[in-house]
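Below is one structure, written out as structure tokens; comments come after it.
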Amino acid sequence: MSIKSSNHDLKRNLSNRHIQLIAISGAIGTGLFMGSGKTISLAGPSIVFVYMVIGFILFFVMRAMGEILLSNLNYKSFSDFANDLLGPWAGFFTGWTYWFCWVITGIADVVAIAGYAQHWFPELQAWIPMFLTVILLATLNLLTVKMFGETEFWFSMIKIVAILGLIVIGIVLILISYHSTQTNTIAAFSNLWQYGGFFPNGSMGFFAGFQIAIFAFVGIELVGTTAAETVDPNKNLPRAINSVPARIIFFYVFALIIIMSVTPWTLISPNKSPFVELFTLIGLPAAASIINFVVLTSAASSANSGIYSTSRMLFGLAKKQDAPEPFGKLSSRSVPANGLLFSCLCLFGGVVLIYLVPNVMEAFTIVTTISAILFMFIWSMILISYIAYRRKRADLHEQSDFKMPGGILMCFVCLVFFAFVIVLLTFEADTRQALIATPIWFVILGISYYFRSLKR
């Protein structure tokens, strides 16, 4: 069932099934499949606590976002409520930064897809799978918003089935005390503390894990950009947001506990996916190809989410005259096609990246760190908007059936946490480079906003 609206508005065609899976997909990104090897090497078993802390903090960000969105169903996304509660500058900076976040993340994803495709076709030119992926996702998104929902639903199902498979196989290996001839170790929960304890690299190792782990959570707020296209948002959005903590514990924490129990953390390679390593360990011949397919769909899912959210953000910005007017027009299928095609065009920047930076892993670290910093800016703007909402719309807060637990106090706790992570990024050379480069984006935005103000 779809709720009718005018030809100039986005249609509410995303069902509860779509919203639930989009929320899961936002929480399980390429960062978990590919980045967890690096985080385990830095923090050891304490990485479990790192993911729990970040998940705990982001739950409050999600709840703050949920309360504001449901207080006024005219808000299409967090850019709209930032504009209303903090001023036009906030809507401008939030909208364009979120668009840039997903373009950067999308570039990282299509470059990753090229790498995964070369696993099967080593002679294949990298630009070919990148080009085909962008064309395919653009076509699916241009059809209808329901097609985006369906595509994301099945991408998410593949990820969920893969993680469930890993957990079940891991538990069986632990129960039978499986002995690996490759590593000469036995699968057991005691592997979690037998190799230097839970904090083998001390507090600095534990804190270093936050730098990379934070990227695994980008996209968790994606459900907020679906608000304008959700059937019965008062019922479906709270359900999706409230289930985030359980998903974090199950998909991140439980999966990593199983991986480090089967294979001692000291033997997990920082440069490979620990998910691939575990399947390889038990000698499953097709393991490499199966998991390669899973991480490829995970990257495609992330790029798909990016194309969707950037086009909706451009649509919202154009409606407020913060972006060129054509981005505010909908196709006959109620899709913001112009913004969608522009975002897809920007994803081809990944082709340029491959030529400019020979070391792809180095480029990935810089790109993903910039993305994580900008996402923390978005999350902070959601929290600051909530503080303003409590001051300016106290009556709406009183009427709300979906109040944020902890209120303003938890907003400040979350903001202090993000400031703490920014400080941690100064410790490593590659993340420090990204931290130094990021302000350039805000300078460009500031100049753009100044000239836009002059025209009004």
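Being a predicted model, the structure only gives us computed values, none of them experimental.
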Student check: side-chain heavy atoms of [X] and [Y] closer than 4.5 Å:
X	Y	result
Met130	Ile113	no
Cys101	Thr97	yes
Ser343	Ile307	no
Phe293	Ile158	yes
Phe377	Phe442	yes
Thr369	Leu435	no
Ile259	Leu166	yes
Asn72	Phe81	no

More than 12 heavy atoms of other groups within 6.0 Å of Phe418 CZ
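It does: Phe418 CZ has more than 12 such atoms within range.
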
Mind checking side chain to side chain donor-acceptor pair (under 3.5 Å) for Asp80 and listing every partner two or more places apart, or none if nothing turns up?
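Side chain to side chain donor-acceptor pair (under 3.5 Å) list for Asp80, sorted by chain: Lys320.
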
Does a donor on one side chain sit under 3.5 Å from an acceptor on the other, for Thr105 and Ser371?
yes

Taking the six-membered ring where the residue is Trp, are the ring centres of Phe206 and Phe49 under 6.0 Å apart?
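When the ring centroids of Phe206 and Phe49 are compared, they turn out to be at least 6.0 Å apart.
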
Under 3.5 Å donor-acceptor, Thr133 side chain and Pro129 backbone:
yes

List the steps and the verdict of side chain to side chain contact (heavy atoms under 4.5 Å, CB included) for Phe56 and Phe417.
CA-CA 11 Å; Phe56 174 77; Phe417 173 77; over 6 Å; no

Can you name the one residue among Phe254, Tyr252, Phe210 that meets ring-ring contact (aromatic ring centres under 6.0 Å, His included) with Tyr51?
Tyr252

Interatomic spacing from CZ in Phe93 to CG in Asp322 - rounded to 0.5 Å:
10.5 Å

Plane angle bin for Tyr98 and Phe375 - parallel if under 30°, tilted between 30 and 60°, otherwise perpendicular:
perpendicular

